[in-house]
Amino acid sequence: MRKGGIASLQAVSWRLALGTSMARLVQKFGGSSVKDIEHIRRVAKIVSDSAREGKELVVVVSAMGHTTDELLSLAENVNDRGDQRELDMLLCTGEQVSVALLAMALQKLGLKARSFTGAQAGILTDETHTYARIKTVQPSRVETSLRRGEIAVVAGFQGMTRNSDMTTLGRGGSDTTAVALASALKAECCDIYTDVDGVYTTDPRSYGKARKLHAVSYEEMLELASLGAQVLNARSVELAMRQKMPIRLRSTFDPGDTGTLVTSRELAPDYQICGVALDTNRVSFRLSLTHDFSVNEQGADSEYLHYTNKSERLLEELSSLGLVREQINLVYNGDAVVQVEFNCEKRLAREAKEVLLEYFPESNGAVLTVDTDVARISVVGIGARARHQRGDIIGALSAAAIPVSMVSANSISVSAVVPGKFKDDAVRQLHETFCTAFRSEDS
Ligand code: ASP
Ligand code: MG
């Protein structure tokens, strides 16, 4: 058997099963796994089975079901430009409900358990409310709890600034809490339980022919997650890669399944193409500038310079919002920028629009088109670049009569933006063209 795949998965599983006297494990359960009391009981059962196998356990949980969305819509109704600090104060309540209920459910099963907020677990973040980054983890209370033989149940997605303000880590941030705790506590592995039984070549909930990957490298997983695969939060993969923390992605509804191991490149199979990621959480912008610099009238030069400077500053400001500069398309007419085109996450859309209109007001003839019904589709894997260079990817989409805009590429992925209504066709087309040729030992 080639490297990776089932062999490396088993290596981790055996290490965990045989373990040293006490294997330390972080288990994380997402919102769909704790959506009601019955589900919380099911989670308690999985946790208690692991505890009875002699594992030291830290359990990270998300808010129940769609709680975070509901809290966000409550806030939006009260004040759609509300202070982000207040939003964090509100959002943190979701996970607190889950940890308390899960600790109670574990106690009911006769286990010792104690719940902790992110702050109590020592998750310290920067001040970027609603999208905070973890700076350090000081889990002394969790350590003490483990030493007492308790299961520590920690609220995911939240942390605290050095001024003791509550923060949240961005949507899906509980995965990051789990990986950060696993590495701070030197756990052997971070198990992330969700409603699918692993990482697939594309979302199996929307495309039935998606195939499960039994192991995947951090690099490829990071690319899949950054390009929209919902299965794992991108920052959590980035952190796991830095800390060399193995992640096993597994199903709450089939806990016996070993799921997908996310691991180093040396242990993962060499997929040419490991998957197709779809991101519908994007907005595309096109700003057309109508100034005509071709007429060399007096004054045109200075206006041209002024204009070019503006485009430069615009690019800088867009980058500081978090947009990747290489993915901002500039269309030139001669030396002059006549069009600025890019797409960004929905959460950045309002600011991006404000920045665009500040530099190029519509009253001065700039025309801004904003399209929220778009999808970014990406092919991920070391073979993607060559496919792109040969025109295979764009060719496959065109062959299915799918209109394509904003193509971008890096060393392991190629992305294109398509109109929202073509998203399923695009997934099917790219998956059929590039993901059906898996060798059996790849999966
Ligand atoms: N509850 C948060 C969210 O819905 C965090 C998470 O689930 O990871 O985004
Ligand atoms: Mg999640």
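Nothing here was measured: the structure is a model prediction, and the numbers come from that model. All ligand and atom numbering here is 1-based and tracks the order in the structure.
Partners of E354 under the salt bridge (charged side-chain N to carboxylate O under 4.0 Å, His left out) rule, at least two apart in sequence or in another chain, are R81. Listed by chain and residue number, nothing satisfies the salt bridge (charged side-chain N to carboxylate O under 4.0 Å, His left out) test with E70 (two or more places apart in sequence, or in another chain).
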Once you restrict both partners to nitrogen or oxygen, which atoms of ligand 1 have a protein partner under 3.5 Å, and how far apart are they?
from: ligand 1; atom 1: 1 (N); to: T68; atom 2: OG1; distance (Å): 2.8
from: ligand 1; atom 1: 1 (N); to: E95; atom 2: OE2; distance (Å): 2.7
from: ligand 1; atom 1: 4 (O); to: T68; atom 2: OG1; distance (Å): 3.4
from: ligand 1; atom 1: 4 (O); to: R171; atom 2: NH2; distance (Å): 2.9
from: ligand 1; atom 1: 7 (O); to: S62; atom 2: OG; distance (Å): 3.1
from: ligand 1; atom 1: 8 (O); to: G173; atom 2: N; distance (Å): 3.4
from: ligand 1; atom 1: 8 (O); to: S174; atom 2: N; distance (Å): 3.0
from: ligand 1; atom 1: 8 (O); to: S174; atom 2: OG; distance (Å): 3.0
from: ligand 1; atom 1: 9 (O); to: R171; atom 2: NE; distance (Å): 2.7
from: ligand 1; atom 1: 9 (O); to: R171; atom 2: NH2; distance (Å): 3.4
from: ligand 1; atom 1: 9 (O); to: G172; atom 2: N; distance (Å): 2.9

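Here the side chains of Y193 and I46 are in contact, with some heavy-atom distance below 4.5 Å.
A donor atom on one side chain and an acceptor atom on the other are not found under 3.5 Å apart for Q158 and T168.
R235 forms a cation-pi arrangement with Y131, by the criterion of a distance under 6.0 Å to the ring centre and an angle within 45° of the ring axis.
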Pairs of donor and acceptor atoms involving the side chains of residues 378-387, under 3.5 Å and at least two apart or interchain, shall be tabulated with distances.
from: S378; atom 1: OG; to: S415; atom 2: OG; distance (Å): 2.8
from: R385; atom 1: NH1; to: N410; atom 2: O; distance (Å): 3.4
from: R387; atom 1: NH1; to: D392; atom 2: OD2; distance (Å): 3.4

